[in-house]
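A quick write-up on the structure given underneath.
Because the structure is predicted, anything quoted here is derived from the model rather than measured.
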Amino acid sequence: INLPLKTGLYILKDRNDKILLDLPISGNINSPEFSYKKLILKTLGNLLLKIVASPFDAIAKSLGISGDGLDRIEIDPLQMDLSSEQYATLTRISEIAKAKEELKISFTQQFSLLEASKEMALLELKKQYYLTQQTQSNNEKITLVDSEEIKKIKETDNDFKSFVDSIGNGKGGNIYDKAFLLNPQDSINAKILKLAQMRNRFVSTYMTEKMGVDTSRIQVNILPENELKEYNGKDMFKIGVME
């Protein structure tokens, strides 16, 4: 069990600092082989394993709060801000933090850097195509309206396909190969990690300044870049507790 026993017991306590456990008893309690101690330890061990997997579900249950979906906040690696739904989850987490004043909470961003880089490179490719269709200079700042129009560009559009085919002197390669010719992988990765750092700041600021959780109780991280390159799970903030 990775979660320290002290932390696990603290999580299991209700508002009155009591722990209520259901003990599934079956068989002959008068048998010499029957042991309440073993039964209690087994039940407690199973509960601690569940806490390791979804600590906030257990905390919310002990406090009488809805705990569904509090172990993660799903994200889009290319999003620049947090959505109202994501902020709503942070609000619920902060309510638990206020009820459990010794609780320390970790938020760890984890996403597939490989897939995100392909999407970012494709988006940058569409941006370059969009600018070639405009009368404005390529150095002019992209507006919010422009961004929405860029997102609408379809990969099956004939003019866009012709633009893609022209990249690299018309040599072969799929659309992502072409996209990375215009914007190298390292540059794309740097942009994605910059967005991730922005989201980290939004989470930290909201929890501490907006919701009043002490900064010492909040830790917001991103998986190391080498791990993000190997990651193939869901894109999210993984939420956990610290000792």
Side-chain angles (χ1 to χ4, degrees), residues 1-23 40-41 43-111 193-224 227-228 231 233-243:
I1 299 177
N2 295 323
L3 190 69
L5 181 60
K6 180 180 177 181
T7 303
L9 294 177
Y10 176 71
I11 289 174
L12 288 172
K13 289 181 181 179
D14 63 16
R15 294 182 185 275
N16 299 314
D17 282 341
K18 293 183 178 180
I19 298 175
L20 298 178
L21 301 178
D22 292 327
L23 298 179
I40 292 172
L41 289 177
T43 302
L44 183 58
N46 289 337
L47 278 173
L48 290 176
L49 286 173
K50 290 181 181 179
I51 291 172
V52 170
S54 301
F56 284 96
D57 286 347
I59 298 170
K61 184 177 180 180
S62 70
L63 297 174
I65 300 172
S66 174
D68 293 340
L70 293 184
D71 62 337
R72 69 182 64 183
I73 298 177
E74 294 190 9
I75 62 169
D76 177 350
L78 304 191
Q79 70 180 101
M80 300 181 65
D81 200 348
L82 300 183
S83 68
S84 57
E85 291 82 3
Q86 290 166 329
Y87 278 119
T89 300
L90 290 176
T91 298
R92 293 167 64 200
I93 292 292
S94 69
E95 291 172 355
I96 290 177
K98 290 175 182 177
K100 290 280 191 179
E101 295 182 354
E102 296 179 26
L103 198 67
K104 295 182 179 180
I105 305 167
S106 66
F107 298 85
T108 305
Q109 268 194 89
Q110 45 198 55
F111 52 86
L193 293 175
K194 185 176 180 179
L195 290 175
Q197 291 164 357
M198 287 175 57
R199 291 191 294 271
N200 274 9
R201 289 196 295 272
F202 289 138
V203 169
S204 180
T205 299
Y206 186 81
M207 291 294 292
T208 57
E209 297 183 11
K210 177 70 174 179
M211 303 310 298
V213 180
D214 192 272
T215 55
S216 65
R217 300 175 57 201
I218 300 295
Q219 187 179 88
V220 188
N221 301 309
I222 308 171
L223 280 182
E227 294 185 34
L228 291 176
Y231 183 78
K234 289 189 175 182
D235 302 330
M236 62 180 174
F237 275 101
K238 179 65 178 176
I239 307 174
V241 297
M242 302 178 291
E243 186 177 4

Practice prompt. For atom CE of Met80, decide whether the heavy atoms of other residues, nucleotides or ligands shown that lie under 6.0 angstrom number more than 12.
Written response: no

Fill in: N/O donor-acceptor pair under 3.5 Å between Lys98 side chain and Met211 backbone
yes

Response to the item:
All heavy atoms of Val203 vs all of Leu82, minimum pair found to be CG2-CD1, 3.8 Å

Practice prompt. Compare every heavy atom of Met236 with every heavy atom of Ile75, then report the nearest pair and how far apart it is.
Written response: CG1-N, 3.5 Å

Practice prompt. Mark yes or no for whether Ser204, through its side chain, and Asn200, through its backbone, hold a donor-acceptor pair below 3.5 Å.
Written response: no

Worksheet item: What do the steps show when you test Thr89 against Leu70 for side chain to side chain contact (heavy atoms under 4.5 Å, CB included), and what is the final call?
Response: CA-CA 7 Å; Thr89 300; Leu70 293 184; 4.0 Å; yes

Item to complete: Show your reasoning for whether side chain to side chain contact (heavy atoms under 4.5 Å, CB included) applies to Glu102 and Lys100.
Response: CA-CA 6 Å; Glu102 296 179 26; Lys100 290 280 191 179; over 6 Å; no

Worksheet, complete the sentence: In short, Val241 meets Ser106 closest at the heavy-atom pair N-OG, 4.2 Å

Worksheet item: Heavy-atom distance under 4.5 Å between the side chains of Ile93 and Val213, does that happen here?
Response: no

Item to complete: Given side chain to side chain contact (heavy atoms under 4.5 Å, CB included), test Arg217 with Met207 step by step and report yes or no.
Response: CA-CA 10 Å; Arg217 300 175 57 201; Met207 291 294 292; over 6 Å; no

Fill in: Non-neighbouring partners of Tyr206 that pass ring pair (Phe, Tyr, Trp, His ring centres under 6.0 Å), sequence neighbours left out
Tyr87

Worksheet entry | side chain to side chain contact (heavy atoms under 4.5 Å, CB included) assessment of Lys238 paired with Asp71 | CA-CA 6 Å; Lys238 179 65 178 176; Asp71 62 337; 4.0 Å; yes

Item to complete: To the nearest 0.5 Å, tell me how far Arg92 CZ sits from Ile239 CD1.
Response: 9.5 Å

Discussion item. Assess, by modelled atom type and distance only, whether the side chains of Arg199 and Gln109 contain a donor and an acceptor separated by less than 3.5 Å.
Written reply: yes

Item to complete: Taking the side chain as every heavy atom from C-beta outward, state whether Thr208 and Ile218 have any atom pair closer than 4.5 Å.
Response: yes

Worksheet item: Using a distance-only test with no angle check, is there a side-chain donor-acceptor pair under 3.5 angstrom linking Asn221 and Gln219?
Response: yes

Discussion item. Regarding Gln110 and Glu227, do their side chains bring together a donor and an acceptor under 3.5 Å, going by distance alone?
Written reply: no

Response to the item:
Taken to the nearest 0.5 Å, the spacing of Glu74 CD from Glu85 CD works out to 12.0 Å

Worksheet item: Is there a side-chain contact between Leu90 and Phe107, using heavy atoms and a 4.5 Å cut-off?
Response: yes

Worksheet item: How many angstroms lie between OG1 in Thr91 and CD in Gln86, if you round to the nearest 0.5 Å?
Response: 12.0 Å

Worksheet item: Are Leu223 and Phe111 side-chain neighbours, meaning at least one heavy-atom pair lies under 4.5 Å?
Response: no

